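One structure is given here, and the rest of the page talks about it.
Values in this document were obtained by computation on a predicted structure and should not be read as measured data.
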Amino acid sequence: TTIQFGLPIDAAVNIIVYDLQGRVAAELINDIKTAGYHSIIWNASNHSSGMYFVKMMTSEFTKTQKLMLVKF
């Protein structure tokens, strides 16, 4: 699963994936990124199908999105 995001300025970025119970499923990034568009890959092969939440945090911004993981 590829997660894309853009930054207007250089910033410390933390992106964490949570399951429905609020447990951390994966910490995808905890690093300083430059301004611009970025993408990261979440290898969810060891996670079950279902609903997850992806939370992106910087010092100026926090956003949470739902993500549906469907395995075939």
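Between Val13 and Ile15, the closest heavy-atom pair is CG1-CG1, 3.8 Å.
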Would you sort out whether Lys66 and Tyr52 count as a side-chain contact (heavy atoms from CB on, under 4.5 Å), showing the intermediate values? CA-CA 6 Å; Lys66 288 190 288 186; Tyr52 291 86; over 6 Å; no
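For the atom pair OG (Ser59) and CG (Asn14), the distance works out to 12.0 Å, reported to the nearest 0.5 Å.
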Side-chain donor-acceptor distances from residues 24-38 under 3.5 Å, at least two apart:
{"residue": "Glu27", "atom": "OE2", "partner": "Asn30", "partner atom": "ND2", "Å": "3.4"}
{"residue": "His38", "atom": "NE2", "partner": "Thr34", "partner atom": "O", "Å": "2.7"}

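For the pair Leu69 and Thr1, the minimum side-chain heavy-atom distance is below 4.5 Å.
No side-chain donor-acceptor contact under 3.5 Å links Lys71 to the backbone of Gly50.
Tracing side-chain contacts under 4.5 Å through hydrophobic residues (I, L, V, M, F, W, Y), one never reaches Val54 starting from Tyr18; they form parts of separate clusters. Placement of Ile16 and Phe5 in two distinct hydrophobic clusters is found when ILVMFWY residues are connected by side-chain heavy-atom separations under 4.5 Å, directly or transitively.
Asp19 meets the salt bridge (charged side-chain N to carboxylate O under 4.0 Å, His left out) test with Arg23; sequence neighbours excluded. Residues passing the side-chain contact (heavy atoms from CB on, under 4.5 Å) test with Leu20 are Met51, Phe53, sequence neighbours excluded. Judged as a side-chain contact (heavy atoms from CB on, under 4.5 Å), and not counting sequence neighbours, the contacts of Ser39 are Thr2, Gln4. In this structure, the side-chain contact (heavy atoms from CB on, under 4.5 Å) partners of Ala11, at least two apart in sequence or on a different chain, are Thr58. Lys63 meets the side-chain contact (heavy atoms from CB on, under 4.5 Å) test with Phe61, Gln65; sequence neighbours excluded.
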